Novice: 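I have a structure I would like to understand better, so I am pasting it below and will then ask my questions one at a time.
Quick caveat: nothing in here was measured; it's all calculated off a predicted structure. Each chain gets a letter, A, B and so on, in the order the sequences are listed, and its residues count up from 1.
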There are 2 protein chains.
Amino acid sequence: MDCLFCRIAAGELPCHKVAEDEHTLAFLDINPATRGHTLVIPKNHGTNVLDTAPDDLAAVARMVQKVAQQVEHALHPDGINIVQNNRPAAGQVVMHYHVHIIPRQQGDRALSGWSHIDKQSVDFPALAEQLRAAQ
Amino acid sequence: MDCLFCRIAAGELPCHKVAEDEHTLAFLDINPATRGHTLVIPKNHGTNVLDTAPDDLAAVARMVQKVAQQVEHALHPDGINIVQNNRPAAGQVVMHYHVHIIPRQQGDRALSGWSHIDKQSVDFPALAEQLRAAQ
């Protein structure tokens, strides 16, 4: 098995476990953005949001809430970012679907948000139609 | 009804709809980070990841995949970021749970990722135990 997170899910590699259920596992990110930065993965392999089984995505979403509540109760952050990156162009490093839970303190600058494009440059009705047609 | 996204979900305010099912709605962000930036919301109100009904979180996760696939097929991005912010300290602006789907092109700098804290400063086993105990 070549996938780092599959090996963690199988117990072949150690992790700092935060929570676990039948379909998902949550453990600390060992290169954290902030204290308490936790990852949630499905035990079944999926590369990213496009190819992961829908039931696994749903199970991860429920576990993300549980872990966010644990982080809330244990660490009392001012906010929490949930981030999931797909492909290297979006910052994905490990090619097994995983969701980042990042506790934030006011003004910590751990994440900087995003820039905006000029909204006048977007034909919103045509773009929405193009996306609807791709269903 | 004071909530902007509840009013959009109820059809009281317009949106550029991308997809819809019984429990969720997807529409274009009108202040986009990149072309194709789409939001997915549950039709039921929840403020953030902590208080939204688990079934609604799961339904949103399934819809996020569908919209990511639409974005993939229509726009052929190099990557996709999925981001969900909780409370103003984490960048949340509208206080109705919503997930951002942000198509990325290599080198577009639309999102900058995050900085890392010194991992030597974290007692990982003790922190994991603290979080597990908060379940």
Novice: Is A/P77 close to chain B through its backbone or its side chain, or both, or neither, when contacts mean heavy atoms under 4.5 Å?
Specialist: backbone
Novice: Should A/M63 and A/I8 be regarded as members of a common hydrophobic cluster, given that ILVMFWY residues are connected when their side-chain heavy atoms come within less than 4.5 Å of each other, either directly or indirectly?
Specialist: no
Novice: Heavy atoms, side chains only, cut-off 4.5 Å: are A/K119 and B/N31 in contact?
Specialist: yes
Novice: Could you tell me which portion of B/D51 (side chain, backbone, both or neither) has an atom closer than 4.5 angstrom to a non-hydrogen atom of chain A?
Specialist: backbone
Novice: Closer than 3.5 angstrom, by distance alone: can the side chain of B/R132 be matched with the main-chain N or O of A/K17 as a donor-acceptor pair?
Specialist: yes
Novice: I'd like to verify something: which residue of A/A26, A/A33, A/A128, A/A19 has the highest number of heavy-atom pairs under 4.5 Å with chain B?
Specialist: A/A33
Novice: Pick whichever of A/N85, A/L50, A/V49, A/I30 has the most heavy-atom pairs under 4.5 Å with chain B.
Specialist: A/L50
Novice: Report the option among A/C15, A/A74, A/P103 that has the most heavy-atom pairs separated by less than 4.5 Å from atoms of chain B.
Specialist: A/A74
Novice: Between A/V71 and A/F27, is there shared hydrophobic-cluster membership here, with clusters defined by ILVMFWY side-chain heavy atoms closer than 4.5 Å?
Specialist: no
Novice: Please identify, among A/G36, A/A90, A/G79, the residue contributing the most non-hydrogen atom pairs under 4.5 Å to chain B.
Specialist: A/A90
Novice: Among B/A61, B/S121, B/S115, which has the most heavy-atom pairs under 4.5 Å with chain A?
Specialist: B/S115
Novice: Mind checking whether B/D55 and A/R62 have side chains closer than 4.5 Å, heavy atoms only?
Specialist: yes
Novice: Quick one: CD on A/Q65 to CG on B/D56, what's the gap to the nearest 0.5 Å?
Specialist: 10.0 Å
Novice: As an exercise: rank A/L111, A/V99, A/V67, A/D118 by heavy-atom pairs under 4.5 Å with chain B and give me the winner.
Specialist: A/L111
Novice: Given heavy-atom pairs under 4.5 angstrom as the criterion, report whether the side chain, backbone, both or neither of B/T38 touches chain A.
Specialist: side chain
Novice: Between CD of A/Q84 and CG of B/N81, what distance do you get to the nearest 0.5 Å?
Specialist: 8.5 Å
Novice: Group every Ile, Leu, Val, Met, Phe, Trp and Tyr by side-chain heavy-atom contacts under 4.5 Å, then state whether B/L57 and B/L39 land in the same group.
Specialist: no
Novice: Side chain, backbone, both or neither: which part of B/T34 has an atom under 4.5 Å from a heavy atom of chain A?
Specialist: backbone
Novice: Please flag which part of B/L28 lies under 4.5 Å from any non-hydrogen atom of chain A: side chain, backbone, both or neither.
Specialist: side chain
Novice: Could you grab the distance from atom CG of A/L75 to atom CD of B/Q130, nearest 0.5 Å is fine?
Specialist: 5.5 Å
Novice: For chain A, which of B/A68, B/G91, B/A110, B/P88 has the most heavy-atom pairs under 4.5 Å?
Specialist: B/A110
Novice: Which atoms of A/E72 come close to chain B, meaning under 4.5 Å heavy atom to heavy atom: side chain ones, backbone ones, both, or neither?
Specialist: side chain
Novice: Specify whether A/H16 and B/F124 have parallel, tilted or perpendicular ring planes, treating 30° as the upper limit for parallel and 60° as the lower limit for perpendicular.
Specialist: parallel
Novice: Between NE2 of A/H116 and NE2 of B/H37, what distance do you get to the nearest 0.5 Å?
Specialist: 8.0 Å
Novice: Can any side-chain N or O of A/Q70 pair as donor or acceptor with the backbone N or O of B/A134 at less than 3.5 Å?
Specialist: no
Novice: What residue in A/G107, A/A59, A/A58 has the most heavy-atom pairs under 4.5 Å with chain B?
Specialist: A/A58
Novice: Are B/V64 and B/I102 connected in the hydrophobic side-chain network, where two residues link if heavy atoms are under 4.5 Å apart?
Specialist: no
Novice: Can B/L4 be reached from B/I41 by stepping across I, L, V, M, F, W or Y side chains whose heavy atoms are under 4.5 Å apart?
Specialist: yes
Novice: Mind checking whether B/W114 and A/V83 have side chains closer than 4.5 Å, heavy atoms only?
Specialist: yes
Novice: Tell me, out of B/D78, B/V122, B/N48, who's got the most heavy-atom pairs with chain A below 4.5 Å.
Specialist: B/D78
Novice: So which residue, B/T52, B/D108, B/V60, ends up with the most heavy-atom pairs under 4.5 Å with chain A?
Specialist: B/T52
